[in-house]
Every structure is written in structure tokens, then in C-alpha cells.
**Q** 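Structure below; questions to follow.
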Amino acid sequence: MTGPDIPESHPRYESLLTRHRIEEGVDLGITSRQGLIAQGRGEAFDYLLGEETLPSADEAERVAAASLLRADHAVLSVNGNVAALAPGELVELAEATGADLEVNLFNRTEARMERIADHLREHGAEAVKGLDADGRIPGLDHERAKVDADGIGDADVVLVPLEDGDRAEALAEMGKTELVVDLNPLSRSAQSATVPIIDNLIRAVPNMTAHARELADADDEELDAIIERFDAETALAAAERAIREPDDADDS
Ligand code: PTJ
């Protein structure tokens with residue numbers, strides 16, 4: 001992708017870069033036009049959160065990394081926004097944790113599925129799932145229910161960044177450990193997650209990879225202890241507090 005002409009010293013550099021990536025994703029036929037709206041919602045929450053990773057989000061990212069490492073079969077779900085914002089970073093997270101990558105779209109079209117899979121391959125992905133669509137998530141209408149039977153269908157741990165609430169709830173009902181990245185702590189996706197990560201995807205993914213690398217030699221007991229100590233409600237409450245009472249900040 002071409003870089004935007006924004007000086008790194010600009011106070012809103014990260015936000016402008018993110019907008020540029022989403023815009024370019026639309027131009028490339030990767031991101032849906034609804035993705036622009038989703039980006040705007042996300043930006044508003046990021047602004048309220050101070051555009052930085054809260055300590056509670058950093059902890060959730062470590063727990064997510066431990067969950068991916070501990071999984072029998074982990075899958076990172078990729079939609080049009082995620083593919084535009086952090087394709088190379090997701091490939092690195094998949095490599096660091098042994099997870100599969102699967103394209104899974106809210107507004108599914110075959111053309112966009114193919115383009116996103118190609119885009120991930122251009123960023124170093126070796127295998128990309130999602131195109132077989134031979135599995136279904138129960139309780140959703142036909143197009144939105146499609147998954148790969150040997151991908152999300154079979155996974156015990158799934159990372160679903162920027163997921164819509166319906167599908168997040170349906171995946172949770174399938175008993176999967178669901179790691180959700182969403183800047184809105186009140187969204188149904190965040191609320192139904194096993195591990196809600198209230199952070200911007202562009203900060204969350206590299207930080208999960210850093211945690212995964214640091215935990216690469218940890219044994220199962222250590223990973224289990226990290227996972228068991230985590231409390232989703234506390235993490236959600238810390239993010240909500242950071243928005244409502246910024247002066248108290250997140251001191252968890
Ligand atoms: O590519 P598709 O067809 O799968 O569609 C993807 C979108 C994201 C358009 C679709 O899933 C959708 O409409 O999502 P929603 O219901 O708008 O939810 C998106 C959520 O992601 C909202 O709660 C936003 O606050 C949040 N969000 C947006 N940008 C980011 C974000 N969270 C983390 N990082 C971001 N950069």
C-alpha cells in the first residue's frame with residue numbers, strides 16, 4: 001500500500017494513518033463502505049480512551065496471547081477492516097502463535113473474500129482459510145453463518161476483531177473461547193467475549209504478538225495461570241471508567 005503524506009510529528013498521526021488505510025481498503029475492494037462507518041465509531045471511542053492502550057487492555061492482550069498459545073486450534077478471523085488496517089501484523093501474530101487465518105465477512109461477497117485472501121498472501125500469509133465455507137455457525141442467516149469446517153468451525157479459540165454483535169454472541173454460544181478486539185466496551189461483541197480487548201486493533205495486534213513471543217517458552221501451567229486470573233467484567237469496567245471518569249484513569 002502507498003503511504004499517506006502525513007508527518008509522524010502530527011498530533012493525530014496514528015488516527016490519520018488509520019483513516020488512510022481504511023480509505024485505501026475501500027479503493028482496493030477489500031473493505032466495505034460500511035467499514036468506513038465502523039471506523040468512525042471506533043475512532044470516537046479511541047478518542048475517549050485517550051488513543052492509548054490502557055493497562056487493563058495490555059493485560060487482556062497478554063491473556064489473549066496466552067489463550068492463543070494454549071489453544072488446540074486457534075483461528076484469527078479477518079474482515080474487511082482488519083485486512084486493511086493490519087494485514088502484515090496479523091500474519092505475524094498467526095506465526096507467533098501457530099494460529100490459522102480465516103477470512104470471515106459480515107457482508108460476504110466472493111470477490112471481497114478472494115481479494116482479502118490475496119492481500120493477506122501478499123503480506124506473507126501461507127495459508128488462508130474461509131473460501132471453502134463448508135461449515136455453519138448455528139443461529140445466523142445463511143451468508144453470515146458461513147465458516148470453514150476445518151477453520152473457525154473446528155477452532156476452540158477464535159480472535160474476532162471488530163465483530164458484529166450477533167455473530168460474536170453466536171460464536172460464544174458454540175462454546176468457543178472468544179477473544180474480541182473492540183474499542184467500545186459496551187458493544188455486544190465485547191460484552192459476550194471471553195477476553196474483551198478494549199483497544200485499537202492497530203495497537204492490539206502487535207502487542208499480542210509481543211506478548212506471545214515473550215510467552216513462547218512458558219509451560220502450560222504458567223499459561224493457564226495467566227488465563228485463569230483474568231476477569232472479563234473487571235476489564236470492561238476499567239475501560240468504561242477510563243471513558244466516563246478520565247481523571248481517575250485506568251489504575252487496574
Ligand atoms: O468486512 P465485513 O463485511 O466483515 O464488515 C466489517 C464491519 C466492521 C463493517 C462490520 O463487522 C460492522 O458493521 O461492524 P460494526 O457493527 O460497525 O462494529 C464494529 C465495531 O468495531 C464497533 O464497536 C467499533 O467501535 C469497533 N471498531 C472500529 N474500528 C476499530 C474498532 N475496534 C478496534 N479497533 C478499531 N480500529
Side-chain angles (χ1 to χ4, degrees), residues 12 14-54 57 60-61 64 76-87 89-90 93 101-117 119-120 130 133 137 140-141 143-147 152 158-171 178-193 195-208 235-236 239-240 243:
R12 307 200 55 79
E14 202 181 68
S15 161
L16 294 173
L17 179 72
T18 307
R19 280 190 190 183
H20 174 81
R21 287 191 185 165
I22 288 285
E23 243 182 321
E24 200 168 39
V26 175
D27 291 344
L28 290 171
I30 289 172
T31 309
S32 71
R33 283 184 298 165
Q34 284 193 19
L36 295 167
I37 299 167
Q39 168 66 23
R41 287 171 69 188
E43 258 187 36
F45 281 101
D46 206 12
Y47 185 82
L48 294 171
L49 287 163
E51 295 177 334
E52 61 184 14
T53 301
L54 299 174
E61 284 153 16
L76 315 182
S77 178
V78 184
N79 65 22
N81 284 51
V82 175
L85 289 177
E89 291 82 349
L90 271 168
L93 179 60
L101 289 162
E102 176 162 341
V103 185
N104 196 250
L105 300 184
F106 178 66
N107 297 301
R108 186 185 175 105
T109 67
E110 286 317 303
R112 215 148 58 83
M113 293 291 297
E114 299 277 356
R115 283 194 197 116
I116 292 173
H119 189 63
L120 290 171
I137 305 172
L140 294 180
D141 64 62
E143 284 305 307
R144 290 167 56 220
K146 286 181 176 174
V147 289
I152 290 176
V158 193
L159 176 77
V160 279
L162 283 66
E163 185 58 274
D164 85 286
D166 261 13
R167 273 201 320 196
E169 282 179 351
L171 283 169
E178 206 178 7
L179 319 171
V180 170
V181 182
D182 194 319
L183 280 157
N184 178 2
L186 301 173
S187 76
R188 276 193 298 146
S189 318
Q191 300 272 338
S192 65
V195 181
I197 299 160
I198 312 304
D199 198 5
N200 196 318
L201 174 87
I202 61 170
R203 296 190 297 268
V205 174
N207 198 33
M208 278 188 265
L236 290 170
E240 201 180 324
I243 291 173

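When a ligand or atom number is given, it counts from 1 through the structure's own listing order. Everything quoted here is computed from the prediction, not taken from an experiment.
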**Q** Protein heavy atoms near atom 12 (C) of ligand 1, is at least one of them under 4.0 angstrom away?
**A** no

**Q** Provide the closest heavy-atom pair for V180 versus S189 in the form atom of the first, atom of the second, distance.
**A** CG2-O, 3.6 Å

**Q** Please report the interatomic distance CG(N184) to CD(E240), rounded to the nearest 0.5 Å.
**A** 9.0 Å

**Q** Would L201 count as a polar contact of ligand 1, with the cut-off being nitrogen or oxygen pairs under 3.5 Å?
**A** yes

**Q** Enumerate the atoms of ligand 1 whose separation from the nearest heavy atom of G35 is less than 4.0 angstrom.
**A** 9 (C)

**Q** Please write down residue, atom name and distance for the protein heavy atom closest to atom 28 (C) of ligand 1.
**A** A38 O, 3.1 Å

**Q** Which protein heavy atom lies closest to atom 32 (N) of ligand 1, and at what distance to 0.1 Å?
**A** L183 N, 3.2 Å

**Q** Grab the two heavy atoms, one from F106 and one from R167, that are nearest each other, plus how far apart they are.
**A** N-NH2, 3.6 Å

**Q** Mind listing the closest non-hydrogen atom pair of L159 and L90 along with its distance?
**A** CD2-CD2, 4.5 Å

**Q** Starting from atom 36 (N) of ligand 1, what is the nearest protein heavy atom, named by residue and atom, and what distance separates them?
**A** N200 OD1, 2.9 Å

**Q** Could you tell me the residue and atom name of the protein heavy atom closest to atom 6 (C) of ligand 1, and the distance to it rounded to 0.1 Å?
**A** N79 ND2, 3.7 Å

**Q** If the condition is side-chain contact (heavy atoms from CB on, under 4.5 Å), which residues does R108 pass it with, not counting sequence neighbours?
**A** L105, E110, M113, A133, E143, K146

**Q** Testing the basics here: between I137 and A170, what is the closest heavy-atom pair and its distance to 0.1 Å?
**A** CG2-CB, 3.6 Å

**Q** Quick test of your reading of the structure: of I198, I202, I22, D182, whose heavy atom lies closest to atom 24 (C) of ligand 1?
**A** D182

**Q** Which residue owns the protein heavy atom closest to atom 7 (C) of ligand 1, what's the atom, and how far is it?
**A** N81 OD1, 4.2 Å

**Q** Show every donor-acceptor pair shorter than 3.5 Å between a side-chain atom in residues 197-206 and any protein atom, with sequence neighbours excluded, or say none if there are none.
**A**
residue : atom : partner : partner atom : Å
D199    : OD1  : T53     : OG1          : 3.4
D199    : OD1  : R203    : NE           : 3.0
D199    : OD1  : R203    : NH2          : 2.9
D199    : OD2  : T53     : OG1          : 2.8
N200    : OD1  : I202    : N            : 3.1
N200    : ND2  : D46     : OD2          : 2.9
R203    : NE   : T53     : OG1          : 3.3
R203    : NH1  : E14     : OE1          : 3.2
R203    : NH1  : D46     : OD2          : 3.3
R203    : NH1  : E51     : O            : 3.4
R203    : NH2  : D46     : OD1          : 2.8

**Q** At their closest point, which heavy atom of Q39 faces which heavy atom of N81, and how far apart are they?
**A** N-ND2, 4.2 Å

**Q** Can you name the nearest heavy-atom pair linking G80 to I116, along with the distance?
**A** CA-CD1, 3.8 Å

**Q** Nearest protein heavy atom to atom 17 (O) of ligand 1, by residue and atom, and its distance?
**A** R41 NH1, 3.0 Å

**Q** Side chain to side chain contact (heavy atoms under 4.5 Å, CB included), that's the test. Do T18 and E43 meet it? Break it down for me.
**A** CA-CA 9 Å; T18 307; E43 258 187 36; 5.6 Å; no

**Q** Are any of the N/O atoms in E163 less than 3.5 Å from those in ligand 1?
**A** no

**Q** Polar contacts were defined as any N/O atom of the residue lying under 3.5 Å from an N/O atom of the ligand; does this apply to R167 and ligand 1?
**A** no

**Q** Report the distance from atom CE of M208 to atom CG of L93, rounding to the nearest 0.5 Å.
**A** 6.0 Å

**Q** Are any side-chain N or O atoms of R21 and backbone N or O atoms of L85, one a donor and one an acceptor, separated by less than 3.5 Å?
**A** yes

**Q** Compute the shortest N/O to N/O distance between S32 and ligand 1 and return yes if it is under 3.5 Å, no if not.
**A** no

**Q** D199: heavy atom below 4.0 Å from ligand 1, yes or no?
**A** yes

**Q** In terms of atom number and element, which parts of ligand 1 are under 4.0 angstrom from non-hydrogen atoms of R112?
**A** 1 (O), 2 (P), 3 (O)

**Q** Which atoms of ligand 1 have any heavy atom of L85 under 4.0 Å away?
**A** 36 (N)

**Q** Can you list the ligand 1 atoms lying under 4.0 Å from a non-hydrogen atom of F106?
**A** 2 (P), 3 (O), 4 (O), 5 (O), 11 (O)

**Q** Please list the nearest protein heavy atom to atom 1 (O) of ligand 1 with its residue and the distance rounded to 0.1 Å.
**A** G80 N, 2.8 Å

**Q** Name the closest protein heavy atom to atom 21 (O) of ligand 1, giving the residue it belongs to and the distance to 0.1 Å.
**A** L162 CG, 3.5 Å

